[in-house]
Amino acid sequence: MPKPLAQVGRYIAGFLAIVLITVFFRHETSFAVTTVVLGYLLTILISSALWGLGISVFMSAAATLVLDYYFFPPVGHFTISDPQDWVTLFAFLITSVIGSELSARARREAEEANRRRTEIERLYEFSQYLMKARDQLELLNDIPKQIVRIFHAHAAALYTPENRGIYRAGIEAPQLESNRLRSAAMREEPEIDRSQEVYFAPIRFGLRVIGSVAIFGSLASNKTLDAIGTLAASAIDRAQAIELLGKAEAVRESERLKSVFLDTITHDFKTPLTSIKAS
């Protein structure tokens with residue numbers, strides 16, 4: 001269900017909850033007004049924990065009007081004759097609003113903690129994959145694929161100035177233009193368009209430009225984008241170092257084989273000469 005319709009549905013559910021409680025307490029007349037107030041307050045706090053502050057404030061206002069009309073004398077009028085009932089009514093309203101705010105704040109903090117935990121788990125999975133990569137070309141092709149898979153993005157692209165290659169994964173995304181991807185490697189700050197869910201960021205290893213990354217899809221925070229760039233830069237630099245080390249080892253091994261080959265040929269020539277001299 002779309003978010004606006006879901007929100008309207010929650011307001012309707014909150015209003016129906018107030019109506020049902022009112023019908024119940026109006027039918028069961030044996031309950032004291034204090035019990036009725038606590039029943040409304042408990043429902044409002046539960047709604048705040050589930051649906052947020054806006055709906056609970058709406059329910060608090062509705063419950064205040066219902067209490068005034070149906071339960072505080074004179075019943076059937078929006079007036080209150082006893083000053084103590086005014087105190088009770090305002091105390092209920094203030095308590096329900098403050099309680100709803102505290103409940104909503106705890107809910108927001110819990111959601112933020114869960115979001116951060118999810119970010120850390122995804123970044124850890126991403127870093128674990130990058131640590132396993134050995135081949136540079138394979139790594140460059142797989143970084144966008146892993147971004148799409150791990151961070152649930154629609155599309156991702158990676159640009160490396162050294163080989164001028166652009167590596168893509170996910171759906172066809174015109175938003176991830178090649179020119180914008182190249183220009184992102186020249187900027188200091190990322191380019192973020194949250195309305196279109198498009199992110200361009202340079203990836204640097206120290207002062208050296210490694211490339212740039214582009215993501216199409218929602219990201220939890222800008223810090224996640226920075227972390228993705230940092231991890232990708234470290235992995236690319238590590239793969240380049242491993243490749244250079246492999247080339248150096250190959251050259252060293254080639255030189256050693258040449259030396260062994262020349263020593264063998266020299267020995268083969270020296271042996272007949274020694275025999276001839278001895279004869």
Side-chain angles (χ1 to χ4, degrees), residues 1-123 152 192-197 217-226:
M1 181 183 295
K3 288 185 178 180
L5 293 179
Q7 193 72 0
V8 171
R10 291 168 183 170
Y11 275 97
I12 294 174
F15 179 76
L16 290 177
I18 297 297
V19 171
L20 291 175
I21 293 173
T22 304
V23 171
F24 174 77
F25 282 117
R26 289 283 293 171
H27 183 265
E28 298 291 337
T29 57
S30 59
F31 290 100
V33 175
T34 306
T35 305
V36 178
V37 170
L38 291 176
Y40 283 120
L41 184 60
L42 179 61
T43 304
I44 291 169
L45 293 179
I46 293 174
S47 300
S48 175
L50 294 176
W51 299 327
L53 180 62
I55 297 174
S56 63
V57 171
F58 166 75
M59 293 176 64
S60 298
T64 302
L65 294 175
V66 169
L67 284 170
D68 183 9
Y69 191 83
Y70 287 108
F71 297 99
F72 289 153
V75 176
H77 298 84
F78 287 108
T79 57
I80 298 177
S81 58
D82 190 348
Q84 292 185 1
D85 291 339
W86 278 109
V87 174
T88 303
L89 193 63
F90 278 110
F92 163 76
L93 181 61
I94 293 172
T95 302
S96 61
V97 171
I98 293 176
S100 299
E101 169 61 25
L102 295 175
S103 178
R105 183 183 302 176
R107 181 171 175 263
R108 289 194 299 268
E109 291 176 353
E111 290 177 350
E112 180 68 15
N114 289 332
R115 182 185 64 79
R116 291 179 179 177
R117 184 192 64 192
T118 302
E119 282 186 14
I120 293 173
E121 290 176 350
R122 290 176 177 176
L123 289 172
H152 305 291
I192 298 174
D193 186 354
R194 290 197 177 275
S195 61
Q196 296 186 2
E197 296 185 340
S218 60
L219 283 178
S221 66
N222 295 346
K223 293 181 179 179
T224 301
L225 182 63
D226 294 337

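- For the pairing with Glu119, the salt bridge (charged side-chain N to carboxylate O under 4.0 Å, His left out) check across Arg115, Arg117, Arg122 returns one residue only, Arg115.
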**Message:** Determine whether Ile44 and Phe92 satisfy the following criterion, side chain to side chain contact (heavy atoms under 4.5 Å, CB included), listing intermediate values before the conclusion.
**Reply:** CA-CA 11 Å; Ile44 291 169; Phe92 163 76; 3.8 Å; yes

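- Between the OG atom of Ser60 and the CG atom of Leu65 there is a distance of 11.0 Å, given to the nearest 0.5 Å.
- Taken from CZ in Arg108 to CD in Glu101, the straight-line distance is 5.5 Å, to the nearest 0.5 Å.
- Summarising the geometry, atom CG belonging to Leu42 is positioned 12.5 Å from atom OG belonging to Ser96; distances are rounded to the nearest 0.5 Å.
- Under the 4.0 Å criterion applied to side-chain N and carboxylate O atoms, Glu112 and Arg116 are assigned as salt-bridge partners.
- The shortest distance between side-chain heavy atoms of Phe72 and Val36 does not fall below 4.5 Å.
- The structure places CD1 of Ile55 at 9.5 Å from OG of Ser48, a figure rounded to the nearest 0.5 Å.
- Nearest heavy atom pair, residue Ala61 against residue Leu93, reads N-CD1, 4.5 Å.
- Between the CE atom in Met59 and the OG1 atom in Thr64 there is a gap of 11.5 Å [rounded to 0.5 Å].
- Considering only residues two or more places apart in sequence or on other chains, Ser100 meets the side-chain hydrogen bond (donor to acceptor under 3.5 Å, both in side chains) condition with Ser56.
- Among all heavy-atom pairs drawn from Leu53 and Val97, the shortest one is CD1-O, 4.4 Å.
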Do any side-chain atoms of residues 11-27 form donor-acceptor pairs under 3.5 angstrom with protein atoms, and if so which ones, sequence neighbours left out?
residue : atom : partner : partner atom : Å
Thr22   : OG1  : Ile18   : O            : 2.7
Thr22   : OG1  : Tyr40   : OH           : 2.5
Arg26   : NH1  : Tyr70   : O            : 3.2

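- Rounding to the nearest 0.5 angstrom, the gap separating the CG atom in Leu45 from the CG atom in Leu50 is 11.0 Å.
- In this structure, Arg105 does not pair ionically with Glu109, as no charged nitrogen and carboxylate oxygen lie closer than 4.0 Å.
- Remark: Glu197 engages no residue in a side-chain hydrogen bond (donor to acceptor under 3.5 Å, both in side chains) (not counting sequence neighbours).
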